Amino acid sequence: MSLLPNQPQPMADAFANLDHQRSERLNMPEAVFCSGKTPEQCLAIVEEFLATGDEAVIATRTSEDQRTLLETLSPTSISGNLLTWKHRPSTGFTVAVVAAGTSDLPVATEAAGVLEALGHTVKQITDVGVAGLHRLLSTLPELETADLIIAVAGMEGSLPTVLAGLVPQPIIAIPTSVGYGSSLDGVTALLSMMASCAPGLAVVGIDNGYGAACAAHRALRVAAK
């Protein structure tokens, strides 16, 4: 496969140049990052993706006005501010998305929605942060059935480190911007996760549920081979 396939032409009014070959290169479609776009631009981009094949279509970080317009295209799923269409068939893999607190759910929901669009089964486990460690421990039998775990936490970001010391699965950690002043909008959780003493913990950027889902998909695709 060429790394520089025939490139599509920009959209009619030149506000977007869609990457229709991304799935061929990376086994993941280009997502529509809606923040900063007008509702009409989001609609036009999603319409073009829907019209050009049977690949999954993913729109992230939508506003209420954008969702109102995009819902006219009958999405397969709406998960918070994430809309998806044309989900892939099941891969047979299961990913556990574990959120430390209810306030972390928007980021966890984004990760879960992307994974489902890419064909993975998702188990969402919520409000099991380390302030009530017994709640996390009670989920271990369920976590043992997952092929990979995404752990989402704000505050001081301890949840992924604790999990990485308890279970053998690959763990992708997402720091969130949830927390009091000294959490520094997620910087404290990010640095804590990156400095974890638990070996093998992978960390993505602050609030990046989409990125964590894509990292999980890459790893599981290699495992499938």
Side-chain angles (χ1 to χ4, degrees), residues 3 19 21-35 55-61 77 79-84 87-100 104-126 143-154 157-178 186-187 189-196 198-225:
L3 293 179
D19 187 356
Q21 284 81 30
R22 188 169 300 183
S23 287
E24 184 181 350
R25 297 195 315 273
L26 306 182
N27 196 248
M28 294 180 290
E30 180 180 16
V32 184
F33 181 71
C34 293
S35 180
E55 179 56 281
V57 178
I58 299 169
T60 71
R61 304 297 171 98
S77 177
S79 304
N81 61 20
L82 179 89
L83 289 82
T84 54
H87 289 193
R88 289 182 179 180
S90 174
T91 62
F93 288 113
T94 298
V95 180
V97 179
V98 185
D104 300 307
L105 266 179
V107 176
T109 298
E110 179 178 86
V114 172
L115 287 164
E116 289 172 347
L118 295 177
H120 304 294
T121 299
V122 176
K123 292 185 177 182
Q124 282 196 259
I125 298 171
T126 305
L143 291 177
E144 289 173 357
T145 66
D147 299 296
L148 185 146
I149 297 170
I150 291 177
V152 188
S158 297
L159 175 65
T161 291
V162 173
L163 271 176
L166 293 173
V167 298
Q169 291 98 325
I171 296 176
I172 299 171
I174 312 176
T176 71
S177 51
V178 170
V187 173
L190 172 66
L191 296 178
S192 175
M193 292 173 184
M194 292 181 69
S196 172
L201 181 65
V203 186
V204 299
I206 297 168
D207 291 338
N208 194 1
Y210 170 75
C214 290
H217 178 72
R218 285 178 181 265
L220 293 173
R221 184 166 183 262
V222 172
K225 294 182 178 181

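Fair warning: this is a prediction, and the values are worked out from it, not measured in the lab.
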Colleague: For Asp147 and Phe93, indicate whether the former's side chain and the latter's backbone hold a donor-acceptor pair under 3.5 Å.
Modeller: no
Colleague: Got a donor-acceptor contact below 3.5 angstrom from the His217 side chain to the Asn27 backbone?
Modeller: yes
Colleague: Are Leu220 and Val95 packed together at the side-chain level, in the sense that at least one heavy-atom pair is separated by less than 4.5 angstrom?
Modeller: yes
Colleague: Please find the pair of heavy atoms, one from Pro160 and one from Ile171, that lie closest to each other, and give the distance.
Modeller: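 So the two residues come closest at O-CD1, 4.4 Å.
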Colleague: Any chance you could measure Leu118, atom CG, to Arg218, atom CZ, to the nearest 0.5 Å?
Modeller: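 Going from CG on Leu118 over to CZ on Arg218, the span is 11.5 Å.
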Colleague: I want to check something: taking the side chain as every heavy atom from C-beta on, are Leu143 and Leu166 in contact at a cut-off of under 4.5 Å?
Modeller: no
Colleague: Which pair of heavy atoms, one from Ser177 and one from Asp207, lies closest together, and at what distance?
Modeller: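 Nearest pair, atom of Ser177 first, then Asp207: OG-OD2, 2.7 Å.
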Colleague: Between CG of Leu82 and CD of Glu110, what distance do you get to the nearest 0.5 Å?
Modeller: 6.0 Å
Colleague: Rounded to the nearest 0.5 Å, how far does CD of Glu116 lie from OG of Ser77?
Modeller: 6.0 Å
Colleague: A side-chain contact here means heavy atoms from C-beta on lying under 4.5 Å apart; do Asp19 and Arg25 qualify?
Modeller: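 They are in side-chain contact.
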Colleague: Within the structure provided, determine whether Ile174 and Met193 are in side-chain contact (heavy-atom separation under 4.5 Å).
Modeller: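 The answer is no; the side chains never approach within 4.5 Å.
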Colleague: Provide the closest heavy-atom pair for Ile150 versus Ala111 in the form atom of the first, atom of the second, distance.
Modeller: CD1-CB, 4.4 Å
Colleague: Looking only at non-hydrogen atoms, find the nearest pair between Leu159 and Ala100 and report the distance.
Modeller: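 Closest approach of Leu159 to Ala100: CD2-N, 3.6 Å.
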Colleague: Show, in sequence, the C-alpha distance, side-chain angles and deciding distance for Arg88 and Ser23, and conclude whether the side-chain contact (heavy atoms from CB on, under 4.5 Å) test is met.
Modeller: CA-CA 12 Å; Arg88 289 182 179 180; Ser23 287; 3.8 Å; yes
Colleague: Return the minimal non-hydrogen interatomic distance between Asp104 and Gly154, and the atom names on each side.
Modeller: OD1-N, 3.4 Å
Colleague: Minimum heavy-atom separation for Ser196 to Ala198, with atom names?
Modeller: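 Minimum heavy-atom contact is OG-N, 3.0 Å.
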Colleague: Hey, are the side chains of Glu55 and Arg22 touching, using non-hydrogen atoms and a 4.5 Å cut-off?
Modeller: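 SC-SC contact between Glu55 and Arg22 ruled out.
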Colleague: Measure the shortest side-chain to side-chain distance between Ile149 and Val98 over non-hydrogen atoms and say whether it is less than 4.5 angstrom.
Modeller: yes
Colleague: Would you check if Gln169 and Leu148 make a side-chain contact, meaning some heavy-atom pair closer than 4.5 Å?
Modeller: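 Sidechains of Leu148 and Gln169: no contact.
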Colleague: Check whether Thr121 reaches the backbone of Thr94 with its side chain - one donor and one acceptor, N or O, closer than 3.5 Å.
Modeller: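 Not confirmed, Thr121 side chain does not pair with Thr94 backbone.
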Colleague: Can you tell if the side chain of Pro175 reaches within under 4.5 Å of the side chain of Val203, non-hydrogen atoms only?
Modeller: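 A side-chain contact exists here, since the closest heavy-atom pair is under 4.5 Å.
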